[in-house]
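Source: prediction; values computed, not measured. Atom set for the values below is all heavy atoms of this structure, side chains included, hydrogens, waters and symmetry mates excluded.
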Amino acid sequence: MLLPSLRFVASCGCRNAGRGFQSQRTHLRQWVLKRGQTTSTLAVETGTSQSAAATVPNAATNRIVGKWLVGCSGLVLGAVVLGGVTRLTESGLSMVDWHLVKEMKPPQSQAEWEAEFAKYQQFPEFKILNHDMTLTEFKFIFYMEWGHRMWGRLVGLAYILPTMYFWRKGYFTRSMKGRVLGLCGFVFFQGLLGWYMVKSGLEEKPESYDIPRVSQYRLASHLGSALLLYCASLWTGLTLMLTPNQFVETRRLAQLRRFAKGTGGLVFLTALSGAFVAGLDAGLVYNSFPKMGDRWIPDDLLAFSPALKNVFENPTTVQFDHRILAISSLAAITGLYFYSRRLLLPRRAKIAIGCLTAMAYTQVALGISTLLLYVPTPLAATHQSGSVALLTFAIWVLAELRRVAK
C-alpha cells in the first residue's frame with residue numbers, strides 16, 4: 001500500500017517539474033527575442049541619425065566653415081596692409097604689365113632684371129620721379145609689388161579651393177552657397193580692379209606736371225572692394241562660429257543695435273576716405289593739429305570749381321574731410337560705449353564694445369602722430385592697419401548684438 005502511494009507522488013512531482021522548466025524556457029526565449037528587437041531598433045535609429053548628421057550641415061560643419069572664412073578675412077587683411085605699404089613706398093607702378101601665371105616667377109638672371117628695368121624706364125614714373133634710380137633700388141620696389149600680387153593670388157586660392165571641397169562635402173546650405181559664390185566672384189573682381197588701378201598710373205599725361213600716381217578714384221574703389229570682401233567674410237564667419245547671445249528684446253536694445261550699425265558705417269566711410277588721402281598725398285598738405293596751419297578752416301578748402309570737385313580732388317579738402325570723419329567716428333564710438341553701459345549685456349558683447357572704444361582712441365592717436373611727423377612710412381602703415389583693426393572690432397560688435405530670427 002505504501003509503495004504505490006510513493007510512486008504516485010513521485011510521478012506527479014516529475015510532471016510538475018517538467019512543466020515549470022518548459023515555462024521558464026518559454027519566458028527566456030521571449031526575453032531574448034524582445035532584446036534582439038530593441039537592439040535592432042536602436043541600431044537602426046543610431047545609423048539613421050549618424051547618416052543625417054553626415055549629409056546635412058550642422059553645428060560642427062558650420063564652425064568649420066566659419067573658421068575658414070575668418071581665416072580668409074585674415075588673408076584679405078594682410079593684402080590690405082601689404083597694399084598700403086606698397087603705396088607708401090611708391091612701389092605700385094614697378095610692374096608695368098599683368099599676367100595671371102607668367103609673372104608668378106620673378107626675374108632670375110641679370111639679363112632678365114635689366115630687361116624688366118628697361119620696360120619700367122619707358123613709363124612716366126621713371127622719367128619724372130625716378131630717373132636716377134639704380135637697378136638695386138628697382139629690385140626693391142619690384143619685389144614689393146610682386147609680393148602684393150602673389151599675396152592676392154594666395155587669397156584667391158584660399159577662397160576657391162576650400163569652396164570646392166566644402167561644396168562637395170555638403171557643408172553649405174542653399175543660402176550659404178550663394179554667399180560663397182559671391183565672395184569668390186568678388187575676389188576675381190578685386191584682382192581685375194587692381195590692375196585697372198595700376199594702369200591709371202602708367203598713362204602719359206602731357207598736360208600734367210604732377211608726380212605720376214594712380215587715380216585716387218580707382219585707388220578708393222580698389223580699397224573699398226577689399227574692405228567689403230573683408231567685412232563680408234568676417235561677418236559670415238563670426239555668425240557661424242559664435243553662439244548667438246540671448247537678449248530680452250527692449251526698445252533700448254533696438255536703439256543700441258541701430259546705433260552700432262550707424263557707427264560701423266561711419267568707421268567704414270572713414271577708412272575709405274583714407275584712400276583719397278593716400279591717393280593725393282593729402283597727409284603732407286597741413287602737418288598740424290588741431291588747426292590746419294593757423295586756421296580752423298583753411299582758405300583753400302574750396303579752391304576748385306565746381307565745389308563738389310574739391311571733395312575728391314583737392315588735397316586740402318580731402319584731409320579736412322578725413323579729420324571730420326575721424327573725429328565723428330571717435331565721438332560715435334564713445335557715445336556707443338556709454339550708452340551700452342546702461343543696458344545689461346552679455347559678457348562677450350561688453351568686451352567687444354570695450355575693444356572697439358580702446359582701438360578708436362589708439363587709431364586717432366596714430367593718425368595725429370602720423371600727421372605731425374610728416375607721414376613716416378612705418379607709422380603711416382601702422383595707421384592704415386589700425387583702420388582695418390577698428391573695422392574688425394565694429395564687425396565683432398555687430399555680430400554680438402545681432403538679432404537671431406526665431
Side-chain angles (χ1 to χ4, degrees), residues 76 78-107 112-131 133 135 137-156 184-230 271-282 309 311-315 318 384:
V76 175
V80 172
V81 173
L82 187 56
V85 176
T86 302
R87 175 71 187 88
L88 288 167
T89 55
E90 298 180 345
S91 306
L93 300 178
S94 57
M95 297 179 69
V96 297
D97 47 22
W98 188 88
H99 301 284
L100 182 61
V101 179
K102 183 180 177 181
E103 68 182 26
M104 293 180 68
K105 182 182 178 182
E112 290 177 346
W113 275 113
E114 289 177 356
E116 194 68 36
F117 191 30
K119 287 194 293 184
Y120 173 71
Q121 291 172 345
Q122 300 172 17
F123 289 88
E125 185 175 68
F126 177 82
K127 295 176 181 178
I128 299 174
L129 185 64
N130 296 330
H131 51 83
M133 175 177 280
L135 181 60
E137 293 170 336
F138 171 73
K139 287 182 179 181
F140 172 78
I141 64 172
F142 181 91
Y143 273 124
M144 287 296 302
E145 174 64 11
W146 180 82
H148 181 53
R149 293 191 185 189
M150 292 308 103
W151 191 278
R153 284 162 175 75
L154 176 63
V155 171
C184 291
F186 214 74
V187 172
F188 182 72
F189 170 76
Q190 175 71 359
L192 294 179
L193 192 57
W195 172 241
Y196 179 66
M197 175 193 70
V198 170
K199 283 185 66 177
S200 66
L202 300 175
E203 297 170 353
E204 295 278 357
K205 300 174 183 177
E207 73 283 355
S208 175
Y209 296 96
D210 198 3
I211 295 174
R213 56 166 63 96
V214 298
S215 165
Q216 70 271 24
Y217 297 103
R218 299 186 191 184
L219 177 61
S221 300
H222 187 49
L223 176 63
S225 61
L227 293 178
L228 285 175
L229 177 64
Y230 175 75
L272 189 61
S273 73
F276 286 93
V277 175
L280 293 172
D281 289 331
K309 190 176 181 181
V311 178
F312 304 106
E313 298 184 14
N314 185 344
V318 167
Q384 291 184 359

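- Distance alone, capped at 3.5 Å, is enough to place a donor-acceptor pair between the Ser200 side chain and the Ser215 backbone.
- Here the CZ-OH distance, from Phe189 to Tyr196, works out to 10.0 Å after rounding to the nearest 0.5 Å.
- Salt-bridge formation is not detected for the pair Arg87/Glu145: no Lys NZ or Arg NE/NH1/NH2 atom is positioned less than 4.0 Å from an Asp or Glu carboxylate oxygen.
- Taking the six-membered ring where the residue is Trp, His148 and His222 present perpendicular rings, their angle passing 60° and hence far from 30°.
- Nearest heavy-atom pair, Pro212 versus Gly201, reported as atom, atom and distance to 0.1 Å: CB-O, 4.4 Å.
- Heavy-atom minimum distance, Val198 versus Val214: CA-CG1, 4.2 Å.
- Put simply, CG on Leu280 and CZ on Phe312 are 11.5 Å apart, with the number rounded to the nearest 0.5 Å.
- Counting heavy atoms from C-beta outward, Gln384 and Val85 have side chains that stay 4.5 Å or more apart.
- The minimum heavy-atom distance linking Leu219 with Ala275 is given by the pair CD2-O, 3.4 Å.
- Contact check on Lys119 versus Glu114 returns no salt bridge, with no Lys/Arg side-chain nitrogen under 4.0 Å from an Asp/Glu carboxylate oxygen.
- Nearest heavy atoms, Val155 versus Val76: CG1-CG2, 4.0 Å.
- At least one side-chain heavy atom of Leu129 sits less than 4.5 Å from a side-chain heavy atom of Glu90.
- Side-chain atoms of Tyr120 and Phe142, non-hydrogen and from C-beta on, never get closer than 4.5 Å to each other.
- Note: Met95 CE to Arg149 CZ = 4.5 Å, rounded to the nearest 0.5 Å.
- Note: Thr86 OG1 to Ile141 CD1 = 11.0 Å, rounded to the nearest 0.5 Å.
- Rounding to the nearest 0.5 angstrom, the gap separating the CZ atom in Phe126 from the OG atom in Ser94 is 13.5 Å.
- Counting heavy atoms from C-beta outward, Arg213 and Asp281 have side chains that approach closer than 4.5 Å.
- The shortest side-chain heavy-atom distance between Glu116 and Glu112 does not fall under the 4.5 Å cut-off.
- Between Arg218 and Leu193 there is no side-chain heavy-atom pair separated by less than 4.5 Å.
- Between Phe276 and Tyr217, the angle of the ring planes goes over 60°, which puts this pair in the perpendicular group of the 30/60° scheme.
- Atom-to-atom distance recorded for Glu125:CD and Asn130:CG is 5.0 Å, nearest 0.5 angstrom.
- Side-chain atoms of Glu204 and Phe123, non-hydrogen and from C-beta on, never get closer than 4.5 Å to each other.
- Here Trp113 and Tyr143 bring their ring centres to under 6.0 angstrom of each other.
- Side-chain atoms of Trp146 come within 3.5 Å of backbone atoms of Glu103 as a donor-acceptor pair (strictly under, hydrogens ignored).
- In terms of heavy-atom proximity, Val80 sits nearest to Ala226 at CG2-CB, 4.0 Å.
- Nearest approach of Val96 to Leu202, heavy atoms of both residues: O-CD1, 3.8 Å.
- Lys199 has no carboxylate O lying under 4.0 Å from a charged side-chain N of Asp97, or vice versa, which leaves the two without a salt bridge.
- Proximity of a side-chain donor or acceptor of Gln216 to a complementary backbone N or O of Ala278 within less than 3.5 Å is not detected.
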